[in-house]
Amino acid sequence: MIPKDAPGLSFGANEQKMGWNAQPTRAVILDNVRVPVANRLGDEGDGFRIAMAGLDGGRLNIAAASLGGAQAAFDKAVAYARDRRAFGKTLSDFQALQFRLADMATELEISRTFLWRAAASLDAKASSATTLCAMAKRSVTDRCFDVANQALQLHGGYGYLAEYGIEKIVRDLRVHQILEGTNEIMRLIIARSVVGKR
């Protein structure tokens, strides 16, 4: 642990991002910073192992954030479909839109259920935990981005306007397919467990 006022510690400018702006992102700059042994989190040489041990939980966290965002977008889409009228009916009266909402609800439930399973495996320290966490991160973030994107589409042009809040959710959820290891890397982790390579 490094005190914020440690000599040589500084921070870069806040990055300007496409989304996820509620979470500041800056470089941490360490220029000849001396850290006392008492501030060490583990034994010397254990840093990489400690950092890697946090990835599974971080991947579940990102997946859960995606699920929450997608659920919010879905809830907005359902409310909009109930209120918006076209051709003398509410959007929710059209079977094609009912089917789309049904598919979105199903994708959210699949994501929620799989996220619980992966979290339970991590809590139990199961040998399959890393693979299940990678699967959950990849699957949930992809599915939930798609749900949010469909919610925007269902709003038509209004979905693109900031006042409806959907466009922000879509921008925020997009980065979840990159954070805590890209979804391409998640596929690599999964594939290695399937074919038995480490």
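Thr90 and Asp93 share a side-chain donor-acceptor pair at under 3.5 Å.
Residues meeting the salt bridge (Lys or Arg N to Asp or Glu O under 4.0 Å) test with Arg117, sequence neighbours left out: none.
Note on residues 84-127: no pairs pass ring pair (Phe, Tyr, Trp, His ring centres under 6.0 Å), not counting sequence neighbours. Applying the side-chain hydrogen bond (donor to acceptor under 3.5 Å, both in side chains) rule to pairs touching residues 72-86 yields Gln71-Asp75, Tyr80-Arg84, sequence neighbours excluded.
Within the 4.5 Å cutoff, the side chain of Leu30 has heavy atoms near those of the Ile2 side chain. Under the 4.5 Å side-chain criterion, counting only non-hydrogen atoms from C-beta, Glu180 is in contact with Leu55. Put simply, the side chain of Phe145 reaches to within 4.5 Å of the side chain of Val170, judged on heavy atoms. Looking at Ile166 and Leu154, their side chains never come closer than 4.5 Å, going by heavy atoms from C-beta outward. Proximity of Arg192 to Ile189: side-chain heavy atoms (C-beta onward) are nowhere separated by under 4.5 Å.
Linking ILVMFWY side-chain heavy atoms closer than 4.5 Å, directly or via other members, places Ile62 and Leu115 in two distinct hydrophobic clusters.
Scanning both residues, Ile178 and Lys137, for their nearest heavy atoms gives N-NZ, 3.9 Å.
Although no hydrogens or angles enter the test, the distance criterion places a donor-acceptor pair under 3.5 Å between the side chain of Gln98 and the main chain of Ser92.
Annotation: Phe11, atom CZ; neighbour count of heavy atoms from other residues, nucleotides and ligands within 6.0 Å is above 12.
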